[in-house]
Each structure stands twice: as C-alpha cells, then as structure tokens.
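To keep things clear, I will list the structure first and then write my remarks on it.
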Amino acid sequence: MNKLQKKSFLPFLIFSVFVIFSVSSCKTTPKSKSLRPVYITNSKKVNLLAPGSANIVLDQVILLEGSFGKTDFNLMSYTLINLEEINLSLFNEFGTDMGFVSYNGEAVIFDSAYFPKALPGEYIICDIQNAFYSFEALKANYANSGLIFEQKENCRRILDGKNLIEEISFAENTVEIKNLLRGYSYKLTIAEGF
C-alpha cells in the first residue's frame, strides 16, 4: 500500500472498529422472566414452590388426557420431577413434538403451538405441584393466600372458604385433576404405580 492508500484506509478501519465495538457492547444477555403468581381464584393467588418441595421422583412417560370446556385432548408427556426441576416434554401418539414446559425454581419456560399462547406455564406447573409436592409445604403456601389445601386419603382439595376450587384424586397409577372454577380437568396415567 502506498501512503495515500494507508491514509484513506485508516479512517475506515477506525470507523469499522468503532461500529463493531458499539454493536457488540449493546448486546445483552436475555433475562429470565420473573415468575408470575398463579391466580387460584379471581382474587387470590399463590407463588410456585421451590423444586425441593417435591414429594416424589418421577422419570417416565405419562398419558395426559384432558378437557377444557368442550375441547378434549390426548397427549403423551415425558415427565421428569425431582428436587431440582419439573420438565414435561409433550408429544402426540405419532411421536411428533407438541412442546414443553419446564421449571427450575427461578423461571418457567413454556413453548407449545398446541396450547393457547395466553396460557401461562406457571398454571400447568402449579397443578403438577398440587399433585406431587409435599402436602405440608402446599398447605402452608395456600394458607398464606387465605385458601385451604386439604388431604383426605387419596384426595387433595383446594377450597376458598366452603367453595371447592380444585380436586386432585389418586388411584394406583393415575392422578386426576379437576378444576371446578376454571372448568378444566385432566388425567395423568403413569406406566407404573407410584
């Protein structure tokens, strides 16, 4: 390069470095969305419990049969519940990916084209916790919100005063969740007894 080419190249080089530095310094690491509370009634809400309150370690495929209003659905879920996380990977009977929901104590990630975009993943995680988490931890969590969480034999119930909000029934290898206030239900059938 001759002197003239070097002089005209230098400002271009400085400008390029400045642009690259400016663009790269503006990048931010995506932040986890903060956990949203779950409205159990239209006015009373609870926060999700930490994964350490799990009452079971589960790592298997579950048949998920549900209904919401007049809509019925059947899915399979590879389900992992332990003291660190809840993960549900959803797929249909042909093995096609239908989405997932996961919770690690800090954030809920929910991605599924099958379910309405407006459905917060926290609500699904809350129902899983109601079925599989420590009764004492759930009872205290609901009491903090002025709600009753009770367990009698093979049934857990959430009440607002005398009004039954949700009922979770257990059989040998099934869990059935019925939310009377919101009008939905689903049954989880586990391959082996738990």
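R182 and Y39 get closest at one heavy-atom pair: NH2-O, 3.0 Å. Of all heavy-atom pairs between D160 and G146, the closest is OD1-O, 4.1 Å. Contact record, A131 with I177: CB-CD1, 4.5 Å, taken as the closest heavy-atom pair. Residues I148 and G161 approach most closely at CD1-O, 3.7 Å, considering heavy atoms. For the pair L181 and N179, the tightest heavy-atom approach, listed with the atom from each and the gap, is N-OD1, 3.1 Å. The two residues N104 and E106 make their nearest non-hydrogen contact at OD1-N, 2.8 Å.
With a 4.5 Å cut-off on side-chain heavy atoms, M76 and L63 count as touching. Counting heavy atoms from C-beta outward, Y103 and I128 have side chains that stay 4.5 Å or more apart. The closest side-chain heavy-atom distance from N82 to D59 is not below 4.5 Å. Using a 4.5 Å heavy-atom threshold, the side chains of I62 and Y78 count as separate. Put simply, the side chain of V46 reaches to within 4.5 Å of the side chain of C126, judged on heavy atoms. A 4.5 Å side-chain heavy-atom check between Y133 and I86 finds at least one atom pair inside the cut-off. N74 places none of its side-chain heavy atoms less than 4.5 Å from the side chain of E93. A 4.5 Å side-chain heavy-atom check between F132 and T79 finds every atom pair outside the cut-off.
More than 12 heavy atoms of other residues, nucleotides or ligands sit less than 6.0 Å from atom CD of E85. The neighbour count for K187 NZ, taken as heavy atoms of other residues, nucleotides or ligands under 6.0 Å away, does not exceed 12. Atom CZ of F91 has more than 12 heavy atoms from other residues, nucleotides or ligands within 6.0 Å. Atom CD of E153 has 12 or fewer heavy atoms from other residues, nucleotides or ligands within 6.0 Å.
Judged by distance alone, the side chain of D127 and the main-chain N or O of N130 form no donor-acceptor pair under 3.5 Å. Listed for the E122 side chain is a donor-acceptor partner under 3.5 Å among the backbone atoms of R36. A donor-acceptor contact shorter than 3.5 Å is absent between the side chain of S134 and the backbone of S53. Within the 3.5 Å criterion, the main-chain N or O of L49 finds a donor-acceptor partner in the side chain of Q129. The closest donor-acceptor contact from the side chain of S112 to the backbone of M98 lies under 3.5 Å.
Note that CD1 of I165 and CZ of R157 are 11.0 Å apart. Values are rounded to the nearest 0.5 Å. Atom CD of residue E172 and atom CD1 of residue I190 lie 11.0 Å apart, to the nearest 0.5 angstrom. To the nearest 0.5 angstrom, Y186 atom OH is 11.0 Å from S67 atom OG. Atoms CG and OG, on D72 and S185 in that order, are 8.0 Å from each other to the nearest 0.5 Å. We find the CG-CZ distance between L138 and R156 to be 5.5 Å, quoted to the nearest 0.5 Å. Of the inter-residue distances, the one linking N144 atom CG with K44 atom NZ reads 12.5 Å to the nearest 0.5 angstrom.
The cluster map of Ile, Leu, Val, Met, Phe, Trp and Tyr, joined by side-chain heavy atoms under 4.5 Å apart, puts I168 and L159 in different clusters. Placement of L64 and I56 within a single hydrophobic cluster is found when ILVMFWY residues are connected by side-chain heavy-atom separations under 4.5 Å, directly or transitively. L180 and Y184 fall into different hydrophobic clusters, where Ile, Leu, Val, Met, Phe, Trp and Tyr side chains are chained together by heavy-atom contacts under 4.5 Å. Cluster membership check: V57 does not share its hydrophobic cluster with L88, using side-chain heavy-atom separations under 4.5 Å among Ile, Leu, Val, Met, Phe, Trp and Tyr. At a threshold of 4.5 Å between side-chain heavy atoms, the hydrophobic network of Ile, Leu, Val, Met, Phe, Trp and Tyr places L80 and L83 in two separate groups.
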Note to self: Could you go through N47 and L35, starting from their C-alpha distance and side-chain angles, then the distance that decides it, and tell me whether this counts as side chain to side chain contact (heavy atoms under 4.5 Å, CB included)?
What the structure shows: CA-CA 8 Å; N47 293 313; L35 288 171; over 6 Å; no
Next item on the list: Check step by step if side-chain hydrogen bond (donor to acceptor under 3.5 Å, both in side chains) holds for T174 and T189.
Entry: CA-CA 4 Å; T174 62; T189 304; 5.8 Å; no
Next item on the list: Run the numbers on N87 and F100 for side chain to side chain contact (heavy atoms under 4.5 Å, CB included), then give the verdict.
Entry: CA-CA 7 Å; N87 280 308; F100 68 92; 5.8 Å; no
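Checked for salt-bridge contact, K178 and E167 miss the test: no charged N lies under 4.0 Å from a carboxylate O.
Using cut-offs of 30° and 60° for the angle between ring planes, the Y142 and F149 rings count as parallel.
Of the candidates V108, D111, I109, V108 is the only one forming a side-chain contact (heavy atoms from CB on, under 4.5 Å) with V101.
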